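Below is one structure, written out as structure tokens, with a few remarks after it.
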Amino acid sequence: MSDVNDVELIFKALADPTRLKIAYALTLTEELCVNDVAHIIDATTATASHHLRLLRHMKLAKYRKEGKVVFYSLDDDHVRQLVYIAMVHAKEGE
């Protein structure tokens with residue numbers, strides 16, 4: 001049963017509506033800059049950065065810098081699949 005400890009943290013991170021929106025937006029595109037994420041979630045760049053940093057620390061997202069601009073993408077295809085499967089499952093009951 002101790003195997004679920006790290007998995008629990010992944011679901012906890014994605015349970016936040018803002019972080020889920022960010023993860024979903026990142027499933028729809030290769031990468032987004034912090035300003036684009038802030039616009040998508042209708043928040044400040046500081047708020048977007050905070051959520052992106054948490055996703056990065058949880059190994060759900062990764063980043064790269066191009067000058068002063070930071071671009072984020074999902075860490076790997078497993079994260080993309082988790083979000084996609086959750087979205088499909090949620091729409092099944094409609």
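This structure is a prediction, so every number in the text was calculated from the model and none was measured. Along the sequence shown, the residues carry numbers beginning at 1.
Both Leu74 and Val34 sit in one connected hydrophobic cluster of ILVMFWY residues. Membership requires side-chain heavy atoms under 4.5 Å apart, directly or through other members. Residues Val79 and Phe71 are members of separate hydrophobic clusters, defined by side-chain heavy-atom contacts under 4.5 angstrom among Ile, Leu, Val, Met, Phe, Trp and Tyr. At a threshold of 4.5 Å between side-chain heavy atoms, the hydrophobic network of Ile, Leu, Val, Met, Phe, Trp and Tyr places Val7 and Leu60 in one connected group. Linking Ile, Leu, Val, Met, Phe, Trp and Tyr residues whenever their side-chain heavy atoms come within less than 4.5 Å places Leu32 and Leu54 in a single cluster.
Each side-chain hydrogen bond (donor to acceptor under 3.5 Å, both in side chains) pair with one or both residues in residues 34-47, not counting sequence neighbours, appears once here: Thr44-Thr47.
Listed by chain and residue number, Arg80 satisfy the salt bridge (charged side-chain N to carboxylate O under 4.0 Å, His left out) test with Asp77 (two or more places apart in sequence, or in another chain).
Using a 4.5 Å heavy-atom cutoff, the side chains of Leu55 and Tyr72 are not in contact. Side-chain contact between Arg56 and Leu52 is absent, with no heavy-atom pair separated by less than 4.5 Å.
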Residues 15-30, side-chain donor-acceptor partners within the protein, below 3.5 Å, at least two apart:
from, atom 1, to, atom 2, distance (Å)
Asp16, OD2, Thr18, N, 3.0
Asp16, OD2, Arg19, N, 3.0
Arg19, NE, Ala13, O, 2.9
Arg19, NH1, His51, ND1, 3.3
Thr27, OG1, Tyr24, O, 2.5

Let me see the working for Lys12 and Met58 under side-chain contact (heavy atoms from CB on, under 4.5 Å), right down to the final yes or no.
-> CA-CA 10 Å; Lys12 185 176 180 179; Met58 296 300 305; over 6 Å; no
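Of the inter-residue distances, the one linking Lys59 atom NZ with Asp75 atom CG reads 8.0 Å to the nearest 0.5 angstrom. If you take SG on Cys33 and CZ on Arg64, they are separated by 10.0 Å, rounding to the nearest 0.5 Å.
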